[in-house]
Every structure is written in structure tokens, then in C-alpha cells.
Amino acid sequence: MSTPTSTAGDPVFSAFCAAGLWPGLGKRTAAELPAAGITRPDDVSADRLLKLPRVGRQRAERLFSSFLASAPTYEVVQLLVGAGLEAKLAAGVADTLGPDAARRLRDDPWALLSLSGVSLGDADRLAIAVLKGADRQDARRGRAIVGLTLRTATRDGHTVLPADLVVAALRAEGIGDPAAAIVAAVESGEVLEHEPPEPELPDDLPDDAELPEPDPALRTLSLARFGMAEEAVAENVHRLMATAERIADPASVRSVAKGLDPAQQAAVAQVLGAGFSLLTGGPGTGKSRTVASLVQLLQAKGTEVALAAPTGRAAKRLEELTDHPAVTVHRLLGAQGMTGGFSRNEEWPLDADVVVVDEASMLDVELTAALLEACADGTHLLLVGDPAQLPSIGPGHVLGDLIDSGVVPVTELTTLHRQAAGGAIARLATGVRAGELPQVDSPDREVVIVPAVGSAEAARRVVQLVTDSIPRALGIDPATVQVVTPVHRGPAGTIELNKALKAQLNPGDGTVWGFDVGDRVVATANHLDLEPIGFANGEVGVVTGTGEGSLNVDFSSGPVTVTGNALPDLRHGWAITVHRAQGSEWPGVVVVLPPEAGGMLSRPLVYTALTRAQKHLSIVHASGAALARAVREVDVRPRRTRLARLIAELGS
DNA sequence: CAAGCCGG
């Protein structure tokens, strides 16, 4: 470490470079700038950059122009460093606040709060540095806290928040006039205010009786983008239902009815008539089979069908099951990348007569709004999914709300075709789905509960089950057993479990990117373009060979040669998270519920975890009473949304 | 405390 001298550089400049904000300049090269005589912005020139090691003429020129282009970010760093804040915060600033971010921050330092990872304290410090006499009661501060409170709620999936909760949050931050802050947030256009619903009038209300007032405690606020997305979904549901014409006579279902149970046939018939319909049911009830028959019928009639799913893996599976192309919803809509826009929309709708989206429980409200807007009048849309599984990552409770609205026709499949209907897994799943944790009585050991105290013991039990008990006592090959855990971290998280399982099942030191032949891997991103068929996020496979910087992996969907930028998107896959396991099933599954996962246990998580098992399920239970509580309560944190009511109201 | 998609 050199001590500062008179020739020491500009602290803003060094913070800018060290934070990795100069595009194309790595950490290592950044550290070498002073040696090349570059310590302040004025020093930056192509000639000086050329003095850096590993930098040739072309790269020097490119670095120079990328430095000039990053002037807006530089200006933001100047503000941040001047306020004693981390330069790193400037990273996403242009995306969020636009190219004139610095000016906007000088006008309203609390606009910094619209970036993720910024606390109110950070924004207050910037305000003190930027404004003369910054004031806690500043109207801009109150307005920003309203937005911050709603954005925080969004991370838990809510699209709206009771106004009372926002008022309480404002009070907690010392805002003297919360109502004024809310008005300011609404006037800025960022926030919408929703009046409480009109109370339902009792039938026997006398004419002269006083009408009941709406309950002001039910007044809610939303971020405009999500509030408007819910309104768009509600309107478009009604538009599609109103504009659809019957595609075919219901009797035509008979042509594909072979092998479909009556409920499944009814679902197919429903799609032919209704502009918008839902098909729900748990794993093994034949949702995808029903879709396959529907597609077969429509193709025979020459109807244009588009198939999609929210995840790459679900799309891939849908394509295999229906023998018809399927893509992610993002692909279907022509996602524009960072801008977040879609090329298929109201102006350029999808050219399909029937659109089917599988795994619809993963649809958040914004993607659903985009999907519905891209469906032209007369398009029939079918959403297929299981409302009992994990909710979407993005805010909203779309599938559940569509069902709860009571307006959209729903076919629920309940007959189990895949698993032994009377088996212990099925009984347990049915119980959990209904909010009960039944005593499992499974003399055939289809379900085995292994109690454990603490996550270290839980981890030992898992390894023992996979490597010893399950193969020995049940004759199940460890290669077909999947371990599923809620968490990455801790002794019973994916990271440690994979280490322990690798040591037992395929010891080795990882020759290519930490992997050896025989390792089980899981994909953490989509690479559907790799040869020959690529892989999708969440797919599990086995390494069958290693090359120079490449891996051959056998995924269940087929072999893939994994190279280049796809390699970092593989991890060891003996143990994976419940979230990543969603949409896949294995003959044998070991579910671990460590005590540290107690806070994140919920009915959908438990249900999703145990329904991954087809023939055998071991549950290593170390989370005590938290498990029964999670299953009993409908949802640990139910999502607050407005969609169900909006749809119902538009229909009346 | 975990997680989808997209493009450069």
C-alpha cells in the first residue's frame, strides 16, 4: 500500500475504477493504472492506456472510448463518493434513472432509493451532501419512502399494501404528515391508490336504511406498474372471454378421447368453447396428457397452436409430451432483454388461434399482462398449472386469483394416474394439499420419516439414506435418488450435502471446472442452443466425459457437450433446492427439512418437495413443530393482491 | 431464505 503523496490520484477516479464501473477494464488492470501514470480523469488517453500490460493499440482505443461513454456513471460516482457512499452503488444507476441520473439525484437525492441495495440511510446521507439544509420532513423523502415500502412488499410477492401499513412505515421513519407523502407519491405517477371495495348489501336491507360505508382500512396502495398490470389482466381476461368463438363442436373431443378420463375430456371441450380457461390439478393427474390430446385435436383441424411455459425446462418437457414446438413465454412474446419490453403485443399480436401455457403457477402479474395483451381478439387461452405449488418469483398470485375470481372456467383434475393412488406418497400429498400433515402409515416403506436433531445430524442421515439404507433396504439405485433441500447454506444445504455426497458416491478432485466423470450436475440457466439439444435450467444430468474445457453431460432429455460460457451454469446436482426441483420428478427422493429452514417452510414448499417423489420418499425431519405449522397455515405470508376482485367486479 | 427470463 503506497501512502498518499502530492501526486496521489483523484479519490473519485480510483473509486470509479476499483468498483469495476469502467466497461472492459478488469480489477487487475485497474490496479495497474497508477503505474501507467493514470490517476485522474484528465490522464486517460489511448496513448497512456497503451502503457498498461496486456493492452494493445486496439484495446487501448476501446478502453478510451468506453471511458468517455461512462461519463454519466462517473458523475454519479462523484456524488456518491462525496457523500461517503460506495461507488459500487452506481452500477445499475443508468438503467434505473437514465443517462441524466446525476442531475436527477441532485434534484432529488432520495431518488437513489429506486436502486436495489440502497437503504434509506444511504439516501439520507446523499441528501445531506447534496442539499443545503436537508430535512427529514422533505416532501421528496416522504414520497420516496412510500415507493420504498411498496417495493419491499413486492419482494414478498404483494402487488398492493393496505394504506395503513404504508402510513405506519412512514411514521416509523419520522414522517410527520404521512397523508401528504402518499399524495405526493400518487401525484408523481409511481403509486396508485385503490379505494376500498363497496360493501355487499344484505338482501333484506330496508329502503330507508343507511347504506354501509366502505371500510377505510381496506384502502390499498400499489406501485403503478403492478397495479396497472393487474388491471390489464382483468380487462384482457374479459376481452378474451367475450370475443372467442367456438372452435369446434364439443363432440369432436371424441376423436382424441381415448385414454382421457371424463374430467380431462371436459377440459379439452372447455378450451374449444371458452376464450379463457384454466386446467388445474396436482402431479400425476394428467394435465400434460390432456394438453397433448388437445394439441392433437387442434392440429387435425388445422388450428394454429402456440405452446409455452414460464421456464425453459417446462417448455422443453411440454414439447416432448405434445410433439409440438414449445418455448418459454419470454421467447413466445419476443422479450427484448434489458429493456423489459416485448415485440409481440397489442399492435403485433401472436398469430395463434389457441395459446396454451403450462406451469402457470409460475406466472407473475407483469408477464401475464404482457401475454394477454399479445393475444388478439378471438384467441383461446388455456393456462395449465397447480395452484398448490410454489408461487411465482415476481409479484402477484395470478393462477390462484384467476381461480378465486369465480369468473374463469376451471377444470380441476383430481384422479391420480401416475402414482399408486392409494400409496403413502399420494396420501401424504393429498393431506398437505388440504393443509393437514397426516400420520404416515407406510409398512411398505414407500414413505419413511427420519427424525433428526440439528442440521449436522440431518446431513449425516441424508448421506446414510442415499448411500446405504435406500439401496440396501429398498433396492433402489442411488443413481435414481434425488436429494431436495430448501436451502443452499448450512450443513444440510445443497453446497455441503453435495460435497458429502460426492465424497461417498464419486470421489475425485474435479478436473474440468470442478467436475469429474460420474458427477451428477444440475443446470442453473438455460442453454438451449448447445449441441445437440442444449439444456434447461433445473435439468439434472451426469458427466460422462471431459475434454479440454468441455464436459459431456447426459441429461434426462439427452446428451449435451457443454463448453464455454455454459460451464459456469452447472453445479453439483446430487442435492438441489426445492425451487430448482419444481417441475421434475424422480423414482426416489430424500427431502431434508433442517431447522434453519423453519422460517421459509410453507405449505407450497413442503407440497412441492414431497410431490417430486414417484416411488419412494424419505423425509429427514429436523425442523420440529415448524413443519406442521407451515402445512396447517394456508401460507406463511399470503400474497396481498387485487386481481381476483378486479376480475369479479368487471364481470358484474 | 429461495427463485424465473432475456441479451451482450
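This structure is a prediction, so every number in the text was calculated from the model and none was measured. Lettering follows sequence order; numbering is per chain, from 1.
- Atom-to-atom, CG of A:L601 to C1' of B:dC1 comes out at 11 Å; the value is rounded to the nearest Å.
- Within the 4.0 Å cut-off from OP1 or OP2 of B:dA3, not a single side-chain nitrogen or oxygen of A:S392 is found.
- Nucleotides of DNA chain B nearest to A:G538 and A:E596 differ in position, and the one nearer the 5' end is that of A:E596.
- Rounded to an integer number of Å, the gap from NE2 of A:H579 to P of B:dA2 is 9 Å.
- Taking atom CG of residue A:N526 and atom C1' of nucleotide B:dG7, one finds them 13 Å apart after rounding to whole Å.
- Under the rule for a salt bridge (charged side-chain N to carboxylate O under 4.0 Å, His left out), the partners of A:E366 that lie at least two apart in sequence or sit in another chain are A:R225.
- Evaluation of the side chain to side chain donor-acceptor pair (under 3.5 Å) test over residues 322-334 of chain A, restricted to residues two or more places apart or in two chains, returns none.
- Atom-to-atom, NE2 of A:H488 to C1' of B:dA3 comes out at 8 Å; the value is rounded to the nearest Å.
- Regarding A:M600, its CE atom lies at a distance of 6 Å from the P atom of B:dA2, rounded to whole Å.
- B:dG8 atom P lies 17 Å from atom CG of A:D569, rounded to whole Å.
- Without hydrogens or angle criteria, A:N236 side chain to A:A232 main chain gives a donor-acceptor distance under 3.5 Å.
- At whole-Å resolution of the value, CZ in A:R580 and P in B:dA3 are 5 Å apart.
- For A:T328, a side-chain nitrogen or oxygen approaches OP1 or OP2 of B:dC6 to under 4.0 Å.
- In this structure, A:G394 reaches neither bases nor backbone, as no heavy-atom distance under 4.0 Å exists between it and the strands shown.
- Within the 4.0 angstrom heavy-atom criterion, only backbone atoms of the sugar-phosphate kind lie near A:N537; the bases stay farther away.
- By the 4.5 Å heavy-atom criterion applied to side chains, A:I145 and A:T149 are counted as neighbours.
- Going from atom CZ of A:R62 over to atom C1' of B:dG8 covers 14 Å, rounded to whole Å.
- Both A:N565 and A:R489 lie close to DNA chain B; mapped to their nearest nucleotides by heavy-atom distance, the more 5′-ward contact belongs to A:R489.
- Looking only at side-chain heavy atoms (C-beta outward), A:V592 and A:L497 come within less than 4.5 Å of each other.
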